[in-house]
Structure formats: structure tokens, C-alpha cells
Amino acid sequence: MSADVEFELRDLRVKNGAKQILQGVDLTLRRGETHALMGPNGSGKSTLANVIMGHPDYEVTGGDILFHGQSLLGLAPEERAKLGVFLAFQYPVAVPGVSVARFLKAAVEAVRGKSSGGAGGFLKGVREQMKFLEITEAFLDRGLNEGFSGGEKKRLEILQMLLLKPALGVLDETDSGLDIDALRIVAAGVNRLRGPDLTLLVITHYERLLKLIEPDHLHVLMNGRIAFSGGPDAVKQLELHGYDWIRDQVGAEVV
Amino acid sequence: MAHELPGGNKLLQDYKFGFVTDIAADAIPLGLNEDIVRLISAKKGEPGWMTDWRLAAYRHWLTLREPHWARADYPPIDYQASRYYSAPRQRAGKPGEMDPELAKTFERLGVPVHERGALAGVAVDAVFDSVSVATTQRERLKQQGIIFCSMSEAIREHGDLVRQYLGSVVPPTDNFFAALNSAVFTDGSFCFIPRGVRCPIELSTYFRINAISTGQFERTLIVAEPESFVSYIEGCTAPARDENQLHAAIVELVALEGAQIKYATVQNWFAGDAGGKGGIYNFVTKRGHCRGARSRISWTQVEVGAAITWKYPSVILEGADSVGEFYSVAFTHDRMQADTGTKMIHIGPRTRSTIVSKGISTGHSANTYRGMVKILPKAAHARNHTQCDSMLIGSQCSANTFPLIEARNATAITEHEATTSRISEEQLFYLRSRGLDEEAATALIVHGFCKEVLKELPMEFAVEAVKLLELKLEHSVG
């Protein structure tokens, strides 16, 4: 294994109930790289995202998930978070009555430890990032994801990523349900954190996100396996020809 | 013979109030009869009318049967095996000073009973078993004409006021435990807020059960004269023993025209051990009477203790435009059984009531909301809004909701919302993915769930209540 490998899936096999969803996924992300993962509905993209974070509903039946060479299997979600893994949820859940401010403080303290600047310093940092994401101040007092629009939820996910500063970010269809302005803001937020210290796995249905967050590599997941891997040019091909292009390339075996 | 429960049990370590104070007591023999009732009255130096009142209540009690309609299982109580009066023998010190053992006890419980160390914003009446042992800030309150003293003292010193109001909201014949309390009640607080006065500080009573095999029968009466305001808070704890001790209290609130009474409780009686052994039976009748127009009574309760809770703080809305509120969090763990809720009785026109109940069940516990909204024919344009939410944590616990709405005026509007949910795996996963462990994530979800109620508590009290909830959750989830 090369020293700069940040994150690796090795022959990952995953079940949800009786259903085998991932049938042996291999992926290697080097430090600082951005990989896009695409694929038709039901191909296992969201399962992959949830399994990386340690969702209790999924059972890993084979293979491994390695982060800095260490297996994440057997670690609780909170332990993965503390190691620097972050998942931006496709459908962030509401936690009524828990204010955004209280939640952000609890999350940042849990992952990064108590800030030296106290509550005032913490809020100052939050406000700065909120301004960048064009989130209004009143947001802080609202219940977490309670009555939020799709765009507000996604911005809050990215705000969390900016505050938690993960080493590995997994974005699960962060672009779904966003209008073009919200998409631009969310992408700018992600790009703000990009650099040698952030490795990204961007899961999406649409090329439009990948024009704003340009990947170094593109993978296509089909029927629980990586059916195709290519460079950034492949985004264009996919846009032009759709998934049939992959099916033609790899033959009927995975289709 | 009852015993303290042995240490080494996680639950008992968590219940840091489960200790016993070693102090000699002036206790009367076990059992209940007319002589015992007379003896209690004599111990308190009461006038004849009070003794007669007690005896009448006792005779009525003999005709009643112990109620078992609540969703709580317990064997019939042996009323002859309990002791109805026990007072600590205080060593003589400087006048006005508490026995050092008692002072230490209240210090350990976090209750400020010294005038010197008193919190500026709170006056405290400390009740230890059957007697009040200290009441602070009285001079300051007296300057504004506010009376804040033990019920025993009020009967001796303010007999006319007590006689006018005692039993006027909860008559001795109201129910089995009310009759029992009226016969043998020992101490509690009396508060009188004169016309137009806004009580400048929180009034509070702390109830501590210490003596073995002894019941506590507190009696509290708050009278708010026209256009006055008072905020009152109540706390309680007891030692961890393998016997069930009975706590049968009555609280009566009277709000005259334009007066407002806010009454808050954090109830943390010993709840029994993990197997359901021991713990307090908390059988309480609390009722407020909005007697005058535009008066307002709010009950806020955080119930986290007691083996069995049977308690329905209610408001009789007689004055036109009067307002009744009930905000409740009931948390049950292990084998606890809570059957609690409220009654809002709308008599006057344009009366309004709000009910917000949050039940959280964990372990093998049972948590029931039982409520009644009654709109009488003259209550034109009365309104009620009820919201009952139950949360289940784990698969062995239960939650029940029994709301009853009876409207006899067609212009009344009542709304009822109820939800029951398991603590959601998706919420837990979301919070855990942000670095919070399961306990911290659960605590955050529960805190959010209870927020509407907790915000009704006075600030310092709310902080205590949240800490207590978190401690209980840690024990239940961890």
C-alpha cells in the first residue's frame, strides 16, 4: 500500500436484511484527491455512504474499509467521526427542540475538543462560515433540521463539514433537491475546504455538481460493484451517453 | 423491618440523595386511629377547630376504599404499619440556628437553608420528615406583607386565613388520599401574597423524607390576593430503602382577581432499585382555583423519581378570562410506574387552558398520561389546547395516553394532539456520526423533546432539572 493512500475499500460486501447490496467494491482514494461516484438508482451508492459512517442497519459480510490503513469495521459512528470521517447526509433528520447552535457546539466539542476561545470564540467561527454559506443568523436558534427546506438542510450539512474539518468527506447526493443558486453556494462551501488535507468522495446523480466540484477520478457503481473507473474526462462521456455507455463498455456481465 | 439498600448498585450510586441522616427523632407509635390524629394535632399545638377538622377527615377516610384505577400495580397498603409523625430532635444551639446534622443534610442536598449563604433570589422552607426545620428570608418578605412560613406555624399564627382557605380547593372528602392527608398532615408551606404585591423572589419548599417506615403528609397552601404574583418551586428526595414509603400530599392554590401563581416541581423521590424493590409511593392531590377574573395558574412538573406516581395537578377555571397551564415531563426508568396528567375544569366564560405533557419511558417502566378537559355550560368561548407526546427508549417499556374531553358549551374550542414514538435510530445515527456517543445523543434528543416544558421552569431550576434528566438517562441507556 502506498504511503499516501488515505482511504480504501477492499472487496466490500454489504447486506441490508436479506438483501446483498454491495457485492465486492474496491476503491482507493489518495490524500487530497476528489473522487466522484455515480450510478443508477438502486446501485448501492447511499448504502456505501452509510456503511462508511457505520450505520447499524447494514451488515458488512466481507472485505474491509480502511482509513489511514486502519480498519473502520467494528468502530462506532462516533469513533469514525472522531478519526476524521464525515458524511453529508442525503436526508438529514430533524431533531426537534435541539437548537442548531447547541448541536453544532456539541458536535464540534465531541470531534475537535473544547475550543480555547470559549463560547464567544466558537460562535464567531460559526458566524463567519454561515456568512459564507449565506445562512441567516436566526438559523442558530431553530430546531435542528426542523421545518428546514431542502436547501437549508444541505447548507447545514456543509456548515458542519466546514466546522468539523474532516480528513475524509463523503457527500451523499448533496446536490439533490437544490436549485441552481443553492447548488453554487454548497459547492463553494465544499471547495473552501478542498486541499491536501481533505479527501473527498462525492456521490451524485448529476454531472452539474461535478462541474462545480471537479473530481480527479470518476467511478460508476452498478449492481453493487464498481463497473467503471476513469479520469475527469469520463464525466463528459457519461453526460453525453448515459449509463448505457458503461453497459456497452463492460458488457452484460454486470448489467 | 426495612433496610437501606446495599451499595454497589449502579442505580443507587446514581441516586446520590439516597443517604440517611443519623439524628434522634421524636416519633409517635406506628399505626393510625383517632388517638394518633389527636396526638399529631397536640404535637403541633393546634387549636380545637383544627383537631376537629382532622377527626372529621379521618372518619370520612374510614368510609373510603383505596383507589386502584390508575395504571400502577401495587399490593394494598397496610396503613397500620406506617408512622404518621416523626420530627428530628434538634440539639440546642444558638436561637434560630439549625442542628448541625440537619444543616449538613440540606447542604448535601444542595438546599440553601442558612440566611447567610442564601441565594439572593430564593426563600426556602425546609421540611424534614414531619416538620419544617427552617424558613429563610422571612423578614425581607414580611416587609412587603408576604407571609411565608410552615403550615404548622400558619395554623397557630394566622388561624383565620388558614381556616378561610384550607380545604377550599381540595376538600377533605375529595378522594381517599386527600382524606388521609387531611387527617394526618404534618407540615408544608403556607404562602400569602397580599393585594397588588409582586413577590420579589422565588419561594420554595424542599421536602426530605429521612425516618424509616414513616409517611410524609405535606400540606401546602398558597393564596394570591388580587393583582399579586408569586413563583413557587418545590423539590424532594428520600433515602434508598427496600420498603415503600408513602408520600400523600395536598397542594392548594387560590388565585384571586388578576393574580398569577406559577408552581414548579422537580420530583426526585427514591424510585426503588432496578428490580422494583423499595421506593416512594407518590400519591398527591394538587389543585389550583382561578377564583377571580383574569387570574392565572401554571403547573410545571419534572417527575423523575418515585416508585409509583399518582398525580394530576389541576386548575378550576372559575373567573372569567382566567388561564390554566400544565407543563409536564415524566421520566420513568427500571420498574417505575407513573400515572400523571391534569384536569382543566372550565367554568367561567373565555377561560383558556394549555396542556403540554412529555412522557419518556425506559427500562421496564410504565408511563401514563391521564387528562381531563371539562367545559361547563357557562364557559362560553372557552379554549383548550392539549399536546401529549410519549417517547419510548428500549423495547420493554410502555406508554399510555388517556385524554378525556367533555364539552358542554358549543362555542368552546378544544384541540388535542398526541404522538408516541420510539427514539429514532436515524436521529441517533445522525448525532453519532457527528461524534456524540449514544448516551450524549440520547440526552440531546430527550432534551429537545422536553424543551417546551423545561423553558417554563425558573432558570436555575431548569439547569438542575436538565442535569437530573441527563443523569437518569445515563443510567437508563448506558
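Chain identifiers are assigned alphabetically (A, B, ...) following the order of the sequence lines, protein sequences preceding nucleic acid strands; residue numbering begins at 1 within each chain.
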**Study point:** Heavy-atom proximity to chain A below 4.5 Å, by part of B/Phe449
**Key:** backbone
Review point. Which bit of B/Glu452 is near chain A, if near means a heavy-atom gap under 4.5 Å: side chain, backbone, both or neither?
Key: neither
Any side-chain heavy-atom pair from [X] and [Y] closer than 4.5 angstrom?
X	Y	value
A/His55	B/Glu426	yes
B/Leu431	A/Leu144	yes
A/Pro77	B/Glu438	no

Verify the neighbour count for atom [atom1] of [X]: are there more than 12 heavy atoms of other residues, nucleotides or ligands below 6.0 Å?
X	atom1	result
B/Arg370	CZ	yes
B/Lys343	NZ	no
B/Arg71	CZ	no
B/Phe402	CZ	yes
B/Arg383	CZ	no
A/Lys82	NZ	yes

Check your understanding: Which members of residues 153-176 of chain A, sorted by number, sit under 4.5 angstrom from chain B on a heavy-atom basis?
Key -> A/Glu157, A/Gln160, A/Leu164
Practice item. Specify whether A/Phe89 and B/Phe429 have parallel, tilted or perpendicular ring planes, treating 30° as the upper limit for parallel and 60° as the lower limit for perpendicular. Key: perpendicular
Of all heavy-atom pairs between [X] and [Y], which one has the smallest distance, and what is that distance?
X	Y	value
A/Ala106	B/Leu436	O-CD2, 3.6 Å
B/Ser433	A/Ala81	O-CB, 3.3 Å
B/Gln427	A/Ala94	NE2-O, 2.9 Å
B/Lys451	A/Gly97	CD-O, 2.9 Å
A/Ala110	B/Arg434	CB-O, 4.1 Å

Check your understanding: Where does A/Asn145 contact chain B at under 4.5 Å (heavy atoms): side chain, backbone, both or neither?
Key -> side chain
Check your understanding: Side chain, backbone, both or neither: which part of A/Arg112 has a heavy atom under 4.5 Å from chain B?
Key -> neither
Check your understanding: Partners of A/Gln70 by side chain to side chain contact (heavy atoms under 4.5 Å, CB included), sequence neighbours excluded?
Key -> A/Leu75, A/Leu83
Point to revise | Most chain B-contacting option - heavy-atom pairs closer than 4.5 Å, from A/Glu79, A/Arg102, A/Arg80 | key: A/Arg102
